[in-house]
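This report refers to the structure that appears directly beneath it.
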Amino acid sequence: MENSTRLDLYRQMVLIRTFEETILREYHADKAPIWDIGAGLIPGEMHLSAGQEPVAVAVCANLTPDDAVTATHRPHHFAIAHGMSLERLAAEIYGREDGLGRGRGGHMHLFDPSIHFSCSGIIAEGYPPALGQAFAFKSKGSQAVAVAVTGEGAANQGAFHESLNLAAAWRLPVVFVIEDNDWAISVPRSLSTSVASNAERAKAYGIPGERIEDNSLEDIFAAAKRAVDRARSGGGPTLLEVHTLRLWGHFEGDAQGYRPDLDGVAQRDPLPAYEMHLRALGVADDDVIKGAVTEAQARVEAAISFAKSSPIPEPSSATRYVFS
Amino acid sequence: MENSTRLDLYRQMVLIRTFEETILREYHADKAPIWDIGAGLIPGEMHLSAGQEPVAVAVCANLTPDDAVTATHRPHHFAIAHGMSLERLAAEIYGREDGLGRGRGGHMHLFDPSIHFSCSGIIAEGYPPALGQAFAFKSKGSQAVAVAVTGEGAANQGAFHESLNLAAAWRLPVVFVIEDNDWAISVPRSLSTSVASNAERAKAYGIPGERIEDNSLEDIFAAAKRAVDRARSGGGPTLLEVHTLRLWGHFEGDAQGYRPDLDGVAQRDPLPAYEMHLRALGVADDDVIKGAVTEAQARVEAAISFAKSSPIPEPSSATRYVFS
Amino acid sequence: MVKIETSPQQVTSRKLTVSKAMVEGIAQEMERDPSVIVLGEDVGAYGGIFSSTTGLLERFGPGRILDTPISETAFIGLGTGAAVEGMRPIVELMFVDFFGVAMDQIYNHMAKIHYESGGNVLVPMVLMTAVGGGYSDGAQHSQCLWGTFAHLPGMKVVVPSSPADAKGLMISAIRDENPVVYMFHKGVMGLPWMTKSTHALGDVPEESYTVPIGKAAITRSGTDVTVVTLSLSVHHSLDVADELAKEGIECEVVDLRSLVPLDRATVLESVAKTGRLVVVDEDYQSFGLSGEIAAIIAEEDPRLLRCPMKRVCVPDTPIPYARSLEQATLPTPTRIAAAIRDVMA
Amino acid sequence: MVKIETSPQQVTSRKLTVSKAMVEGIAQEMERDPSVIVLGEDVGAYGGIFSSTTGLLERFGPGRILDTPISETAFIGLGTGAAVEGMRPIVELMFVDFFGVAMDQIYNHMAKIHYESGGNVLVPMVLMTAVGGGYSDGAQHSQCLWGTFAHLPGMKVVVPSSPADAKGLMISAIRDENPVVYMFHKGVMGLPWMTKSTHALGDVPEESYTVPIGKAAITRSGTDVTVVTLSLSVHHSLDVADELAKEGIECEVVDLRSLVPLDRATVLESVAKTGRLVVVDEDYQSFGLSGEIAAIIAEEDPRLLRCPMKRVCVPDTPIPYARSLEQATLPTPTRIAAAIRDVMA
Ligand SMILES: Cc1ncc(C[n+]2csc(CCOP(=O)(O)OP(=O)(O)O)c2C)c(N)n1
Ligand SMILES: Cc1ncc(C[n+]2csc(CCOP(=O)(O)OP(=O)(O)O)c2C)c(N)n1
Ligand SMILES: [Mg+2]
Ligand SMILES: [Mg+2]
């Protein structure tokens, strides 16, 4: 990997983390003194992606805006890494007219046709539409690929299986990415999944499967490159599983009482680790790092301001957009 | 395999084939001159199992009536092999009060609690209830196992995947059996399935998988024995795929215009082949064979007579049995 | 192009079955628009289990007519994703009874993406599916279930009963920018291997034309009683109306044709005229279409009805296999006639 | 054992939330009957995302309280199979919105096996599931969908609104020989982290007792207008009724409690008395509960209604995320009050 790429991906990770930290702050800011999930400027469930930044930035580094990405209930890192406007993302999270879905969707339902981005709150059900995008790309003779993302818990859902088989049978240009953060809410992977690595499941479809350990940005990048290249050149789908980290709770408000590994979590944060790596390589120093953080903060705060000043949807418009 | 078992299983195959041939005759008997699927004493869809007898008899030879079997839309061979009363089976096919479901169910919905038998017309959806039966057996401390059957087309359905993973994760006493007859209605396996052998898919669940070629009764028996023993002794599930043969159409009325292999089908009929095998072994001669056929015919015709003389359900009782 | 409102203006027409009319509509759109594709189980060489795609593979090839694995979630979702990228997929769910294996893709994705995206994403897709019983196919292969689809927002739901509507509604569905669920009753298709209603054959213009989605058709006018119905039950209701006319009872038969949008105005107008209402619906009785029709009137003016309404529906029971039982649950001509006589009494 | 018809006879009771009452009902049945088990996602250590199973793992251990993979089809089907073999599983579908991934197991299997077997097989299973919106959880996590379940035959459908009913209906559901869908609104549970209705806390007897399935409760009697409703909307309707009483409008509030079976008699009696009807339903408006209520009256005597009925439902739109929009779609006290004033005008 080139150092410029390293730096670029590092900056993206910082941007994502800054975004998630800011949403965290804003989400909780006005729910006090009695914490009420429906209260405040940002209501509803909130699934943040801190700890999983390496997956998103390393995968999306191999994509262009012509490629599709379908994400999950935990979509911000992939949205940002794939190039979504922070302003329109933030505005959607605040439920405003300038949001990607004019406030209709919310944080689990982000649709940005300009970068072929979508997501779904239903486990594994983002996979099938990705097949259709890949099918359309192939039919049009474009070289674009579709990347479909789920968590490791989703790999036990029927849609996962059907999608891998169909994509393989039709040799569709899809890259399936599993973010294994060890947990599906409170259920540990070991209790739910009958196989140690979901990459093994690729064998059930006669396609290549790879597991990337240690949340390693550079390994993910290399594996994703292989997979994207294969898809672009007509070689069909690949399954990648990345062992990543859920740094925070499943959603905000999750006390994580069920989580024995909680103590060691902070030490496994991939961001300081990658920062050290860049320092060791001589790619980054205090200035570069501070610069990345400062720039990220400025961009995110600007997006938040934009969101907060965007109009709240008119109640009378609630039934618009059911049909075109 | 002992010769007595061979002979017993041969006789069961003859019984099943005789049953299917008789239903074939009866089904078409009163649909002339204009063939109408809803007409006649046996209306509705009819999926017959001729050619697949070796799977049913060889698997069920390892079971007792305490064990559960869930079958598919093509259920007669497994029903008979697992010990279902021919009379009550036939009566259900005729839609009569003495049928297993008092005529409410029909040939795709056979429920016989006395032998823990059930089936479903929805592809692969017979698998999940089998898990529950296995779970109940295990909870009660019984040694019973559940056998869940589907076709090869069903192995691409979500329920297949979820069931194998859950059974493996919970180490349930289940044997999954795939009858690969090359076809899912008109769609050949090669077009639908991304892997050459579904036994490969066992790897996705960390369980043993075996493919049995050539519709071989004796190989199926041996593999099923290993699988049933494993399940009984707490070793968890196994996946078996048997390469079998759809001797007739998908359902009655299927002209099979799509089927290039049609010419060679009759030669692959497992019944004459096994008969020859028994003759070669000296286990059967003309008398034995004729005896098997005569006895089967007598039993089947008796069952058909029973069915035909059983009362037609009263129209006014149509809404009974919605709730108990 | 001919725009047909209720009955076809014969331009150049011949008699076709519903099945042939549907296929002709699909084929004409496939000629016109290369983004139209068809996918589903046995839609290729087999031509659709209920002849909804006969001959299309031969004509358009395996790149546009695609046999799928038995993976409804995957291939319906594939349709949605392809539609999002500008294609116009027609996806067949072989029997509506199987919706349960793929309903999430249908109602949480296909139906909601347009709304969730604030109108920024279009899903121009047709989900076509066979419905209905009457030939002893049992509890898992005989349902209509249109009430279930119509209850969930974001999809249009059309249910043709005549060959001309079958073609025109198919073309409208394909051209619609929204997801449309197109439900065809096996009993209206005119299949050679199933009891045929005489109404399954009818005049169909050769040209391409649309039938507007959301407009009911008065298939027979009358002054005494309004029969609100759809699909195969339209055929039965028309037959019954002919019979009862001999007794001096004049039925107005309203073929809804579309459940979403629902043509409330036509229903209200007819009931305002006749003052009597029978709803004939092959779906389950409770919490479905017949209730919605009742609500339309109760919301407007309950006193439009000069006597209690009657429902001729499938009772709330799984559909039995035995013919004697199944016939007792279906809205047969006998039951329809009895209900009409009842409201006239 | 106390048998409660409408309001609990206080034997020894204390105030509990709906959530605690539900859990107490489950625990008492688990003590009594070793064949009762609970399975679903996060029902173990987490105690249920909406506190429907809090403390059960600690009390009954992982052999009877089972966290499942995210495989709704497999584990709901597992429940059915276990029920067929004589167990009494309580299976949680975390949000009703997810029904689409497992509906085949629910309505083609759990609901139909008893019928298809001619009554020979029993499926004594409870499917419990969280419903409802109001906290900006968006289009895939805020629905009620009871109309969808009530439309399909073979399952009872209960929807408690009060703590006492929550416990008694849970016990009835567990003991029922039939599959029962038990739908609890997140907003009635009394969760510490969600806006609480004052009605979410109420007297609950300590003893084990059943509330009969299929009987509505008159939660407030009145002479002017009948409000037919259920679940969280009962709470809102009672609050509105208190307000309107000050203006001299006397509302009768009918809490249906059960959709299948539906207590037609109670609805008819109340409407016969008041002559005015408002249906308040947090499910989608069309082809659902509100229509069924209209049909009950239209079938009996449309002229029981002296003026048009009003529906206060979720319009036929996916549930929007933004608070301003979501509140506009929900049956809020404001909308309920407006509808009641309308029918009184
Ligand atoms: C079909 C379905 N079942 C259950 C849920 C509830 N749910 C939301 S997130 C989640 C856990 C997902 O785990 P995983 O796939 O590992 O993703 P992670 O949250 O760890 O990123 C569950 C069970 C859902 N959204 N959809
Ligand atoms: C979910 C579902 N989809 C489609 C069907 C229609 N269907 C019935 S049998 C069949 C083919 C099944 O093929 P396979 O599993 O190989 O079994 P076989 O008929 O060959 O025994 C199909 C598609 C169904 N019953 N259920
Ligand atoms: Mg996870
Ligand atoms: Mg097959």
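What you see below is based on every heavy atom in this structure, not just the backbone, and it leaves out hydrogens, waters and symmetry mates. Remember, it's a predicted structure, so these values are computed and weren't measured experimentally. Proteins come first, then strands; the chains are lettered A, B, ... in the order of their sequence lines, and each starts at number 1.
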Proximity breakdown for Met155(D) and chain B, heavy-atom pairs closer than 4.5 Å: backbone
Per-residue contact mode, Tyr127(B) against chain D (heavy atom under 4.5 angstrom): neither
Ile76(D) portion near chain B, given a 4.5 angstrom heavy-atom threshold: neither
Side chain / backbone / both / neither for Asn120(D) at chain B, heavy atoms under 4.5 Å: both
Residue pair Tyr321(B) / Gly119(D): nearest heavy atoms and the distance that separates them: CD2-CA, 3.7 Å
Pick from Arg64(D), His114(D), His109(D), Lys112(D) with the largest number of heavy-atom pairs that fall under 4.5 Å of chain B: His114(D)
Closest non-hydrogen atom pair between Phe323(B) and Val260(D), with its separation: CZ-CG1, 3.9 Å
Point-to-point distance, once rounded to the nearest 0.5 Å, from CG of Asn165(B) to OG1 of Thr68(D): 10.5 Å
Region of Ala130(B) in contact with chain D, defined by heavy-atom distances below 4.5 Å: neither
Whether Glu116(D) side chain and His109(B) backbone form a donor-acceptor pair below 3.5 Å: no
Beyond-backbone contact of His116(B) with Val84(D), side-chain heavy atoms, under 4.5 angstrom: no
Top contributor to chain D contacts, counting heavy-atom pairs under 4.5 Å, from Lys140(B), Glu92(B), Glu97(B), His161(B): Lys140(B)
Contacting moiety of Ile122(B), where chain D heavy atoms sit under 4.5 Å: side chain
Heavy-atom closest contact (Gly118(D) atom, Arg102(B) atom, distance): O-NE, 2.7 Å
Proximal component of Ser35(D), with respect to chain B [non-hydrogen, under 4.5 Å]: neither
Closest contact, heavy atoms only, Ser163(B) versus Ala74(D): N-CB, 4.0 Å
Distance (rounded to the nearest 0.5 Å) between Leu66(D) CG and Leu166(B) CG: 9.5 Å
Inter-residue atom distance Ser117(D).OG - Leu110(B).CG, 0.5 Å rounding: 11.0 Å
Smallest separation among heavy atoms of Pro128(B) and Gln105(D), with atom names: CG-NE2, 3.5 Å
Proximal component of Val91(D), with respect to chain B [non-hydrogen, under 4.5 Å]: neither
Side-chain donor or acceptor of Glu85(D) paired with backbone N/O of Gly132(B) under 3.5 Å: no
Structural part of Ser139(B) lying under 4.5 Å from a heavy atom of chain D: side chain
Asn178(D) versus Ser324(B), closest heavy-atom pair with distance: OD1-N, 2.7 Å
Within 6.0 Å of CZ in Arg232(B), more than 12 heavy atoms from elsewhere: yes
Whether over 12 other heavy atoms sit under 6.0 Å from Leu41(B) CG: yes
Separation between CD1 of Ile37(D) and CZ of Phe135(B), rounded to the nearest 0.5 Å: 4.0 Å
